[in-house]
Amino acid sequence: MIEKVFHGSRRYWLLLLVLGALIATGIFFYLRQTSEGLAVTGMSRSVSWGLYIAQFTFFVGVAASAVTVVLPYYLHDYKAFGKITILGEFLAVSSVIMCLLFIFVDLGQPFRILHVILYPSPTSPMFWDTVVLFIYLVLNLVIGWTVLTAEYRGTPPPSWVKPLIILSIPWAISIHTVTAFLYAGLPGRHLWLSAITAARFLASAFSSGPALLIILCRVARRYTDFDPGEKPERALGLIITYAFSAHIFFILLEVFTAFYSGIPSHRASLERLFWGWGDPASLTPFMWLSMMLAAAALFLLYTPARRRDAGLLIASIAVFASVWIEKGLGFVVGGFNPDPMEYVPAYRPTVPESFITAGVWATGLYILALLFKITAAVRARSSE
Amino acid sequence: MEMTRLDFLKKAWRTGLVLFGGASFEVVSGSALLAADGKPSGRRMAMAIDIRACVKDAGCVKCISACHRGHNVPVIPDAKRAITWIWKDTIDRAMPGVLDPYSGADLRGANTLLLCNQCANPPCVRVCPTGATWKREDGIVMMDQHRCIGCRYCMAACPYGSRSFNWGDPRRYLDKGSVARDYPTRTKGTVEKCEFCAERVDRGLGPLCAGACAEKAILFGDLNAPGSAVRKALAGRIALRRKPELGTDPSVYYLL
């Protein structure tokens, strides 16, 4: 089955070539980072986590979102998702690999990473996050590969895989909850110190993840022989509509509590994120771009006639971009602003930092391209 | 770091215990927290900073120089990437919201000393994924430079901004001629901070900063010993601690 990755169109090889070049560029800048230290990034004493950890957080969400296709298909027997369930699981695989890479490139002493396993620390959410993410990776890889192999051979999947699939459902929720606990339990970081942080993460995950899946389905339909069809897309569109509404609702809840209570420390980060106009260091323009994309997406999603074709694709892109800015940058960086001494330091990703991030993205897409290629080839054969 | 087979088995057993039972997780973390803020057993090292004595000489940095020189803390020009074990900033920044516009006119805009609070309930220790930062029996929060993976989770967890990360190679900023031979230098990619001069406390000495202060504004001693300098100072004065509402229980007091 794996030999399918060696047979592809010119476009397929070109994609791998471009991604390979991006990976190589990322490695080049990463080597510079290893020799000079994290000083090559835009991070500082005050903003001690930046794009890497923010992107890690975002992609844990994308990984967890596989549950939005796995759960309806396996628990509610929603047949329309049959064609895309494996795509969801493979998306989870490449996302978790990206997460682990983002953690790795963020470490000051990357070659000591195994200390996390050698000196297990049960009071640290980061220890638990490493454990649950790794198990989630294995679960999705085993499930996706086994089910696809069965399809390839024209046999039903082995019975032992079913319990693993059922386990993967709460496990998906757990990885993002633990990721939220990384933030939600820290005294003195008021943007993060909120009981609904985990709920926010899940809502934004279950909107941005399926949005990416829709975009990928459109790519598959256009450039490969494999067509997932319209029905699963429309169902995904509905999931996005409700999850994304919840996401925006949760942000408004945070705004209400912070501003109506009037507690300065609770207000400070949100004020800086959304009303920091005129300060060159603030992320305010990006946050409002995110909100405008959100408004456009909600308009499209709540208009039934636009819930398909171009409308759905545009809405999906808008949802993905909106969450990417809000969660993949604003939430993490915003939590450090102001810092414990109430300074409001600037953070901007540097060139090396951006290329390393792009390299991790390219690695994820490369793996995804190979896994989707195998899936498409198997599907094309079985439909003959 | 050497690890014997027995150590490994102990660790594996502990991890197994935690992995396979939510209840056992409660027991493990519960007892760890109890030991942190429960009944004092033995010494608890603490510091009292006399704010008014300290402000007498606004330009004085003797304590800072003594500490940073004695511990090979590099002088990094870029303030955003500086390493600071002890430093000065305004009282208003150290304790936001404590000062009002009317009382204590002499302290408005005045600087005080900032350092690691050596919390009895330290969030940094709680979040560290490798046990690279831990609390000694006498309450001093330590750093293991060889175990730290540089994830900077402790920096996100510290509500005082007391931790510094080596963004680049710190040795480049050390003056080769005046490197202290009796204290290690550090490498890039790890976190460091004030350790209450634990290496001196073990020899029965006080911290370098306290010894360097001409105004005797830095008092150091055992919080659990009623006769200690810190306890005597606290008994007769009003003292503040930074962000006490967070439940970290700092061991650094600011005498008014």
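First the proteins, then the strands, lettered A, B, ... as listed; each starts at 1.
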| A/Y343, part contacting chain B, at a heavy-atom distance under 4.5 Å | both

| message | Let's test your reading of the structure: which of B/P129, B/A79, B/G150 forms the most heavy-atom pairs below 4.5 Å with chain A? | response | B/P129

| message | Quick check on B/C151 against chain A: is it the side chain, the backbone, both or neither that has a heavy atom closer than 4.5 Å? | response | both

| field | Top contributor to chain B interface from A/F111, A/W49, A/Y183 [non-hydrogen pairs under 4.5 Å] | value | A/W49

| query | Considering only heavy atoms, which portion of B/R242 lies under 4.5 Å from any heavy atom of chain A: side chain, backbone, both, or neither? | reply | side chain

| Residue pairs passing the salt bridge (Lys or Arg N to Asp or Glu O under 4.0 Å) test where at least one lies in residues 85-97 of chain B, sequence neighbours excluded | none

| Looking only at heavy atoms, which two atoms of B/R136 and B/M142 are closest? And how far apart? | CG-CG, 3.4 Å

| task | Select one option (side chain, backbone, both, neither) describing which atoms of B/I83 are under 4.5 Å from chain A's heavy atoms. | result | backbone

| query | With only heavy atoms counted, which part of B/T90 is less than 4.5 Å from chain A, the side chain, the backbone, both or neither? | reply | neither

| remark: Most heavy-atom pairs under 4.5 Å with chain B, out of A/R189, A/M126, A/M341, belong to A/M341

| task | Please report the closest heavy-atom contact between B/H146 and A/H115, naming both atoms and the distance. | result | O-CE1, 3.4 Å

| query | Just wondering, more than 12 heavy atoms not from B/Y183 lying within 6.0 Å of its OH? | reply | yes

| field | A/F259-A/W275 aromatic ring centre distance below 6.0 Å | value | yes

| request: Specify the closest pair of heavy atoms between A/A184 and A/T197, including all atoms of both residues, with the distance to one decimal. | output: CB-CB, 3.9 Å

| request: Heavy-atom pairs under 4.5 Å with chain A are the metric here; pick the option from B/S162, B/P123, B/G131, B/A82 that has the most. | output: B/A82

| Who passes side-chain contact (heavy atoms from CB on, under 4.5 Å) against A/V178, sequence neighbours left out? | A/W128, A/D129, A/V132

| note | Applying a strict 4.5 Å limit to non-hydrogen atoms, the region of A/E342 in contact with chain B is both

| task | Go through the atoms of A/L38 and report whether side chain, backbone, both or neither lie under 4.5 Å from a heavy atom of chain B. | result | both

| Taking side chain as C-beta onward, heavy atoms only, is B/W87 less than 4.5 Å from B/N111? | no

| When only pairs under 4.5 Å are counted, which of A/G185, A/G188, A/G37, A/S48 shares the most heavy-atom pairs with chain B? | A/S48

| field | A/F274 atom CZ, over 12 foreign heavy atoms within 6.0 Å | value | yes

| request: Report the option among B/M95, B/R172, B/R152, B/K80 that has the most heavy-atom pairs separated by less than 4.5 Å from atoms of chain A. | output: B/R152

| Residue part contacting chain B, namely of A/D339, when any heavy atom lies under 4.5 Å | neither

| task | Sort B/F165 into side chain, backbone, both or neither according to what part of it lies under 4.5 angstrom from a heavy atom of chain A. | result | side chain

| field | Side chain / backbone / both / neither for A/L182 at chain B, heavy atoms under 4.5 Å | value | both

| remark: Note: B/I140 and B/E195 closest approach over all heavy atoms is CG2-O, 3.1 Å

| message | Counting only non-hydrogen atoms closer than 4.5 Å, does B/A132 touch chain A with its backbone (N, CA, C, O), its side chain (CB onward), both, or neither? | response | neither

| Less than 6.0 Å separating the ring centroids of A/F331 and A/F201? | yes

| remark: Most heavy-atom pairs under 4.5 Å with chain A, out of B/A94, B/C148, B/G97, belong to B/C148

| said: Which one wins on heavy-atom pair count under 4.5 Å against chain B: A/I103, A/V116, A/L193? | reply: A/V116

| Proximal component of A/F104, with respect to chain B [non-hydrogen, under 4.5 Å] | neither

| field | Check: A/F59 ring centre within less than 6.0 Å of A/W361 ring centre | value | yes

| task | Could you tell me which portion of B/K188 (side chain, backbone, both or neither) has an atom closer than 4.5 angstrom to a non-hydrogen atom of chain A? | result | both

| For the residue pair A/W192 and A/F336, is the inter-centroid distance of their aromatic rings smaller than 6.0 Å? | yes

| said: Please classify the contact between A/R45 and chain B as side chain, backbone, both or neither, with a heavy-atom cut-off of under 4.5 Å. | reply: both

